[in-house]
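Residue numbers start from 1 in every chain, and the chains themselves are labelled A, B, ... in the order their sequence lines are given, proteins ahead of strands.
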There are 2 protein chains.
Amino acid sequence: MFLFMANAHLANMLAFFKALSDESRLKIIGTLANSERSVEEIATLLDLKAPTVSHHLAKLKALDLLSMRTEGTTHLYRLNMEPLRALSKQMLAVEALAIEEDDTIHYEAWELKILTDFFEGERLKEIPASRKKREVVLRWLAEKFDREKRYSEKEINSIIGRHHPDFATLRRELIGGALMERKDGIYWRKEAQN
Amino acid sequence: MFLFMANAHLANMLAFFKALSDESRLKIIGTLANSERSVEEIATLLDLKAPTVSHHLAKLKALDLLSMRTEGTTHLYRLNMEPLRALSKQMLAVEALAIEEDDTIHYEAWELKILTDFFEGERLKEIPASRKKREVVLRWLAEKFDREKRYSEKEINSIIGRHHPDFATLRRELIGGALMERKDGIYWRKEAQN
DNA sequence: TTCTTAATTTGATATCTATCTAATTAGATA
DNA sequence: TATCTAATTAGATAGATATCAAATTAAGAA
């Protein structure tokens, strides 16, 4: 119940491949290769409706493949090449995809004790004052987030809120404890670093 | 219209991304990273049924990502690294892909749409409110002026006036949009600066 | 031949998602 | 203020496909 989770590398690559495995999105990247463009412009070029393009842009942006600046009411998107370069490198590291039989988190006996002490089912009774104990609780919380997903602050608050009312403090601790990262109001789970 | 012409790069990359954008298939690649394996073996490792694995193997094999040798009734699959390497390189050419896809033609297509939308023959029906569209119309208007000539304001007004009554606004926009320049009551077309 | 075992193919189903229209938001303009 | 335009969000739908069970094929072995 406290366990499971997939290979981080795999989840990461999967997210990128999914983003790039759509003809419209590849074409969008094509149109943005040379110049920044507005939503409507892309829509006209690809013969799609604006909402469809918005949908795709959001997906690409969630992976940091695009960035956007606004000029009046028009949103101008441009391509970020760095993530593509990174992915290109990662692809050659196939061994990294090799399944690790035991990638699950091992909670040691005392950690389990902390969890059962501070939790009532899924509800966190109180935030531990001691740093060590708080870390255990935070790692448990971090497991509630999918590594491949990107979250808005609202989503983060909602998910944490299921376990404890003071989601603001816990959210900050997740960032401070380097379990999650944030950029431009988007949150995601940080890679495990062992 | 030209969009539907299969761009070789795009079609090629799309096929690969689609093949790799599935969790099970990535895991299969993972299991094959170090050793060749039979269908049943993979099925057990990934907790899938044999038909499902067959399905995935077929897709990967179609792209030459795998090869197979048979030994009795068992089929042993192994990974081909070369296509992966090639794809990894191609990814960096996403820019090239877009450049190859004739960008000017698309841009003209979009421009043409704007122009036919806003023009009735040579007459501009209305001045587009959107900046992007107005730019297209202004560039069209600027073409009506010879790069070598110098014009008086009266001449400018007359020429613009053939296309729209509000020549004053359009004249100002041509200057503001850096398509024309003025000094001492003399107007001339500005050099294109790409 | 008949049986057994591994793999594939077929067919059905459930999930996912690209796309659209309609509604909403937010800036800019009049 | 009200109005326009660009973009996003919400909701609905259609098409794609991952998965499985059942049927079929293929290659030994008895």
Fill in: Rounded distance in Å - CD (A:Glu71) to C1' (C:dA28)
12 Å
Practice prompt. Mind calculating the distance between CZ (B:Arg25) and P (D:dA16) to the nearest angstrom?
Written response: 15 Å
Worksheet item: Any side-chain N or O of A:Thr52 less than 4.0 Å from the OP1 or OP2 oxygen of C:dA18?
Response: no
Fill in: Closest to side chain of A:Glu40, choosing from C:dA18, D:dA6, D:dT8
D:dA6
Discussion item. Quick check against the 3.5 Å criterion: does A:Arg25 have a side-chain atom that pairs as donor or acceptor with the backbone of A:Lys18?
Written reply: yes
Item to complete: Would you mind telling me which residue lines up with the more 5' stretch of DNA chain C, A:His56 or B:His55, judged by nearest nucleotide?
Response: B:His55
Item to complete: Side chain of A:Pro51 only, please: which of C:dA22, D:dT19, C:dT8 is the nearest?
Response: C:dA22
Practice prompt. Evaluate the salt bridge (charged side-chain N to carboxylate O under 4.0 Å, His left out) criterion for residues B:Arg139 and B:Glu143: first the C-alpha distance (whole Å), next the side-chain angles of each, then the deciding distance (0.1 Å), finally the verdict.
Written response: CA-CA 6 Å; B:Arg139 268 210 302 282; B:Glu143 289 296 319; over 6 Å; no
Worksheet, complete the sentence: By nearest-nucleotide position on DNA chain C, the 5'-leaning member of B:Ala58 and B:Thr73 is B:Thr73
Worksheet item: Of the nucleotides C:dT17, D:dA7, D:dT19, which one has an atom closest to the side chain of A:Lys18?
Response: C:dT17
Discussion item. Side chains of A:Leu20 and B:Leu20, heavy atoms from C-beta outward: is any pair under 4.5 Å?
Written reply: no
Worksheet entry | Closest heavy-atom pair and its distance - B:Ile127, B:Leu124 | CG1-CD2, 4.1 Å
Worksheet item: Just how far, in rounded Å, is P of D:dA26 from NE2 of B:His75?
Response: 10 Å
Worksheet, complete the sentence: Testing C:dT8, C:dC20, D:dA7 for proximity to the side chain of A:Leu48, the answer is C:dC20
Practice prompt. Could you check which of D:dT9, D:dT19, C:dT21 has an atom nearest any side-chain atom of A:Lys49?
Written response: C:dT21
Item to complete: In whole angstrom, give the distance that lies between atom CG of A:Leu14 and atom P of C:dT17.
Response: 10 Å
Discussion item. Taking B:Lys183 first and then B:Glu181, would you say they form a salt bridge - that is, a charged N and a carboxylate O separated by under 4.0 Å?
Written reply: no
Worksheet item: Under 4.0 angstrom, heavy atoms only, what part of the nucleic acid is B:Thr70 near: base, sugar-phosphate, or nothing?
Response: nothing
Response to the item:
pair_partner(C:dA30), Watson-Crick or wobble, both distances < 3.5 Å, evaluates to D:dT1
Item to complete: Give a yes/no answer on whether the side chain of B:Tyr77 brings an N or O atom under 4.0 Å of OP1 or OP2 in C:dA6.
Response: no
Worksheet item: Between B:Leu46 (CG) and D:dC20 (P), how many Å, whole number?
Response: 11 Å
Fill in: Under 3.5 Å donor-acceptor, B:Arg182 side chain and B:Ile175 backbone
no
Practice prompt. Please tell me which of A:Ser54 and B:Glu126 maps to the more 5' nucleotide of DNA chain D, matching each residue to the nucleotide holding its nearest heavy atom.
Written response: B:Glu126
Worksheet item: Between B:Lys133 (NZ) and D:dT5 (P), how many Å, whole number?
Response: 8 Å
Discussion item. Can you identify which nucleotide, out of D:dT5, C:dT8, D:dT19, has its nearest atom closest to the B:Ser24 side chain?
Written reply: D:dT19
Worksheet item: What's the closest nucleotide to the A:Lys59 side chain, out of C:dT8, C:dA18, C:dA22?
Response: C:dA18
Item to complete: Give the rounded distance in Å between these two atoms: CD1 of B:Ile127 and C1' of C:dA30.
Response: 14 Å
Fill in: Rounded interatomic separation in angstrom, taking CG from A:Leu57 and P from D:dA6
16 Å
